[in-house]
Amino acid sequence: VPRPDQLVHGIRTGDRRALARAITLAESTRSDHRDLALEVIDALLPRGATAIRVGVSGAPGVGKSTFIEALGLHVIQAGHQVAVLAVDPSSRRSGGSILADKTRMTELAKRREAFIRPSPSGGSVGGVARRTREAMLLCEAFGFDVVIVETVGVGQSESAVDDLVDAFVLLVQPGAGDDLQSIKRGVVESADIVAVTKADGEWVAAAGTAAVDYHQALGLLRAKTPAWTPTVVVTSALTGDGIPDVWLTILEHRRVLEADGSLDKRRRTQAKAWLWSELTEETLARFRLDPVVAARLPEFEAGVIEGRISPGAAARALLRTHASPSAGLQSDAVTNRVP
Ligand SMILES: Nc1nc2c(ncn2[C@@H]2O[C@H](COP(=O)(O)OP(=O)(O)OP(=O)(O)O)[C@@H](O)[C@H]2O)c(=O)[nH]1
Ligand SMILES: [Mg+2]
């Protein structure tokens, strides 16, 4: 295991292996690895909010990776360095799709201005934001000024990604079923930009129709930020049509949010939410690891399942056990205990 100062130095001087190792440590479930990663991250802080953070989400197979590759190549051409963090909520169960993602962005992966990193989410929605955010900070400290986060649209993961980025791009493809589904799920609500992709060949006309539908649907929604009206862009990752428009829209979104102070506000809110998500996850993890809790959990679970004790009462009793293992059943004594 490398020393933190070595990793910090490596990341500051453009050593990609140091960046990759730091991200691996951040993603580790081992507490000592996490400590190390956080030491590295904190040593690299603070930085201004200079990097552009873009989230790309959409249904499985909608074309996210292909779109990101096309956008990434365009962004590199515009003189930027781009990091792509591909989050797969299902990665714990099947490593397959992540590998496929990586191979799909073959052109982008060849570029030295790009860094592509599949990010395991640990199977939880919370995990998406948690580890990816740290990977994002590390990438930015390394010098990537554009970070794109890909996530499969499986309901809650979009809002987890939205909490992470400046601009949220929702990718959709022509087809009414898809439109209705996303609107129903409230996904469209978090979109700053809706990109109707696969607008090529036989799909061109349908893509135009879908764009109008989305434009109308967005008009009915409450604005996420007063300054920005969500924009619909028609693209094809295959032909490259509309990709420059997407990038211009992202830049315009950035300019608008910066001008009225909402970018700063957004990032502050996100940082605070991040703290609370860390506290929630850490606290829960510690609670679960507590041997006294683990020993007593089955009886309380059984009690709740069989209707002998209410979930609320069981939770409180277990929490009291956790707060003071020695107190055991005399839980009232624990309530008065001052830590
Ligand atoms: N015609 C056309 N096909 C596309 C376009 N973009 C992607 N595809 C195809 O759509 C399929 C899925 O593309 P991906 O980029 O892997 O989609 P994804 O959303 O990343 O998929 P998952 O990560 O598995 O959810 C592939 O067969 C692509 O070749 C496009 O702009 N036009
Ligand atoms: Mg993909």
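Because the structure is a prediction, the values reported are computed rather than measured. In what follows, every heavy atom counts, from backbone to side chain, and hydrogens, waters and symmetry copies are set aside. In what follows, residues are counted from 1 in the order of the sequence shown.
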- [ ] List the steps and the verdict of side chain to side chain contact (heavy atoms under 4.5 Å, CB included) for Arg288 and Val293.
- [x] CA-CA 7 Å; Arg288 282 182 186 279; Val293 170; over 6 Å; no
Let me have the donor-acceptor pairs involving side chains of residues 305-319, under 3.5 Å, with sequence neighbours excluded, atom names and distances please.
unit_1 : atom_1 : unit_2 : atom_2 : d
Glu306 : OE1    : Arg308 : NE     : 3.1
Glu306 : OE1    : Arg308 : NH2    : 2.8
Ser310 : OG     : Ala313 : N      : 3.2

Treat each ILVMFWY residue as a node, draw an edge where side-chain heavy atoms are under 4.5 Å apart, and state whether [X] and [Y] are in one component.
X	Y	answer
Val234	Trp247	no
Leu238	Leu73	no
Leu297	Val304	yes
Ile243	Ile76	yes
Ile23	Leu44	yes

Interatomic distance, [X] atom [atom1] to [Y] atom [atom2] [nearest 0.5 angstrom]:
X	Y	atom1	atom2	answer
Lys110	Glu107	NZ	CD	3.5 Å
Asp163	Ser277	CG	OG	8.5 Å
Asp192	Asp166	CG	CG	9.0 Å
Asp245	Ile193	CG	CD1	11.0 Å
Cys139	Ile148	SG	CD1	11.5 Å
Ile11	Gln6	CD1	CD	12.0 Å

Determine whether [X] and [Y] make a side-chain contact, defined as any pair of heavy atoms from C-beta on separated by less than 4.5 Å.
X	Y	result
Val54	Val147	no
Thr209	Asp213	yes
Leu85	Glu150	no
Val292	His322	no
Leu248	Glu252	no

Task: Results of side-chain hydrogen bond (donor to acceptor under 3.5 Å, both in side chains) for Arg17 - residues two or more places apart only - done: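 By the side-chain hydrogen bond (donor to acceptor under 3.5 Å, both in side chains) rule, Arg17 matches no residue at all.
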Open item on the list: Restricting to side-chain hydrogen bond (donor to acceptor under 3.5 Å, both in side chains), what partner residues turn up for Thr239, sequence neighbours left out?
Closed with: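 Scan of Thr239 (side-chain hydrogen bond (donor to acceptor under 3.5 Å, both in side chains), adjacent residues dropped) gives Ser236, Asp241.
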Is there a donor-acceptor contact under 3.5 Å from the side chain of [X] to the main chain of [Y]?
X	Y	value
Lys198	Gly63	no
Lys272	Arg267	no
Thr151	Ser57	no

Task: Any donor-acceptor N or O pair under 3.5 Å, side chains Gln270, Trp274 - done: no
- [ ] Answer with yes or no whether the side chains of Asp15 and Thr13 bring together a donor and an acceptor at under 3.5 Å.
- [x]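 Looking only at side-chain atoms, Asp15 and Thr13 do not form any donor-acceptor pair under 3.5 Å.
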Testing the basics here: between [X] and [Y], what is the closest heavy-atom pair and its distance to 0.1 Å?
X	Y	result
Pro298	Ala294	CD-O, 3.3 Å
Ala206	Pro174	CB-CB, 3.6 Å
Ala195	Val169	CB-CG1, 4.2 Å
Ala114	Leu108	CB-O, 3.4 Å
Pro2	Arg21	CD-NH2, 3.5 Å
Pro4	Glu39	CG-OE2, 3.6 Å

Task: Worked verdict on Glu134 versus Ile41 for side chain to side chain contact (heavy atoms under 4.5 Å, CB included) - done: CA-CA 8 Å; Glu134 283 163 358; Ile41 291 168; 3.7 Å; yes
Using the salt bridge (charged side-chain N to carboxylate O under 4.0 Å, His left out) criterion, which residues pair with [X]? Sequence neighbours excluded.
X	result
Glu301	none
Asp5	Arg3
Glu113	Arg111
Arg112	none

- [ ] Indicate yes or no: does Arg296 engage Glu299 in a salt bridge with an N to O separation below 4.0 Å.
- [x]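 Counted as a salt bridge, because a side-chain N and a carboxylate O are separated by less than 4.0 Å.
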Open item on the list: Apply side chain to side chain contact (heavy atoms under 4.5 Å, CB included) to residues Val196 and Val232 and explain how you reach the verdict.
Closed with: CA-CA 7 Å; Val196 182; Val232 183; 4.0 Å; yes
- [ ] Could you point out which residue of Arg131, Arg117, Arg34 forms a salt bridge (Lys or Arg N to Asp or Glu O under 4.0 Å) with Glu27?
- [x] Arg117
Task: Listed partners of His33 passing side chain to side chain contact (heavy atoms under 4.5 Å, CB included), at least two apart - done: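 For His33, the residues satisfying side chain to side chain contact (heavy atoms under 4.5 Å, CB included) (neighbours in sequence not counted) are Val1, Leu25, Ser28, Arg30.
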- [ ] Only pairs at least two apart or in different chains count here, so list each side-chain hydrogen bond (donor to acceptor under 3.5 Å, both in side chains) that has a residue in residues 68-81.
- [x] His80-Asp145
- [ ] Please determine which of Val149, Val165, Ile68 meets the side chain to side chain contact (heavy atoms under 4.5 Å, CB included) test together with Val56.
- [x] Ile68
- [ ] Step by step, work out the side chain to side chain contact (heavy atoms under 4.5 Å, CB included) result for Leu251 and Ile52.
- [x] CA-CA 9 Å; Leu251 291 178; Ile52 298 178; 3.7 Å; yes
- [ ] Could you give me the CA-CA distance, side-chain angles and deciding distance for Asp264 and Arg268, then say whether salt bridge (charged side-chain N to carboxylate O under 4.0 Å, His left out) is met?
- [x] CA-CA 6 Å; Asp264 199 46; Arg268 283 163 179 267; 3.2 Å; yes
Open item on the list: Taking ring pair (Phe, Tyr, Trp, His ring centres under 6.0 Å) as the definition, give me every residue that meets it alongside Phe115, ordered by chain and number, with sequence neighbours left out.
Closed with: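 Partners of Phe115 by the ring pair (Phe, Tyr, Trp, His ring centres under 6.0 Å) criterion, ordered by chain and then number, come out as Phe144.
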Task: Apart from Trp276 itself, residues in the same hydrophobic cluster as defined by side-chain heavy atoms under 4.5 Å - done: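 Noted: Trp276 shares its cluster with Leu275, Leu279.
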- [ ] Scan for ring-ring contact (aromatic ring centres under 6.0 Å, His included) pairs involving residues 221-240, sequence neighbours excluded, and state none if there are none.
- [x] Trp228-His253
